[in-house]
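I have placed the structure first, in the form of structure tokens, so that the comments after it can refer back to it.
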Amino acid sequence: MTPNNRDLGTMRPLGGGDPIPLKKMELTIGRRKSCDINLDFDNISGKHCQLRYISGVWHVRDLKSTNGTTVNGNRIDHEQGLMPDDNLGIAGRYYRIDYDPVTPASIKDANQLIEEELAEEMGNSRGTRQRSLMELAGLTTGLDGEYLFRDGKTNASSRSEPAPSKHEAVEDFPDNLPPANPVATNLSDDDFLDMIRDDLK
């Protein structure tokens, strides 16, 4: 939990207005009075979006609002990190989150946590675990990093089959084949057919 005597940042309206202190790690923003941050404007939904402080980084998530939530002018459809210089748009009203983010390593951890939560939500909604494209293609990863097919072969073994031995190669071809006729390679189709007719006589 966050100490009561320390804010996690400030949500500052662009174009003027009183800054809003961010005192909790999860905050709901909307027109309803029950929201943590109440923005009483007609174009803002009752529960419009959510702010979450994850691993030292603020993230925003739209709560299926009517007029949308944007980050730097782009409407978001999943949870996204917010840096201090990012513009947060809530139904066309713009804010900035003033805070000191942590190191890039923690930002990466936070994004990984978001991706895992998103994958879990999608899996639960479909009643199954999300599978990677490699798994959908019938491949899994072995201990050594090689991709394994359903029959247990690796991608290395599927790419290069062993060359047949000399004994295997000659089973289908007799040893006593006549040498190739170099002249025959320059024959036209008609000459070749005439040669075959002569052999049949």
Does any part of the side chain of [Y], heavy atoms only, come nearer than 4.5 Å to the side chain of [X], both counted from C-beta?
X: H48; Y: T69; answer: yes
X: L51; Y: I29; answer: yes
X: T66; Y: I44; answer: no

- Pairing of D36 and K24 as salt bridge, 4.0 angstrom limit: yes
- When you check the gap from the basic side-chain N to the acidic O, do R31 and D40 get nearer than 4.0 Å? no
- Task: Answer yes or no: are there more than 12 heavy-atom neighbours, outside Y94 itself, under 6.0 Å from its atom OH?
- Result: no
- Has D100 got more than 12 heavy atoms of other residues, nucleotides or ligands less than 6.0 Å from its CG? no
- Item | Spacing of R96 atom CZ and R12 atom CZ [to the nearest 0.5 Å] | 10.5 Å
Without swapping roles, check the side chain of [X] against the backbone of [Y] for a donor-acceptor pair under 3.5 Å.
X: N72; Y: N87; answer: yes
X: S65; Y: S45; answer: no
X: Y99; Y: W58; answer: yes
X: D86; Y: M83; answer: yes

- Check each of V71, D62, N74 against Q80 using the side-chain contact (heavy atoms from CB on, under 4.5 Å) test, and report the only one that passes. V71
- Message: Evaluate Y53 against L27 for side-chain contact (heavy atoms from CB on, under 4.5 Å), listing each step before the verdict.
- Response: CA-CA 9 Å; Y53 190 74; L27 297 160; over 6 Å; no
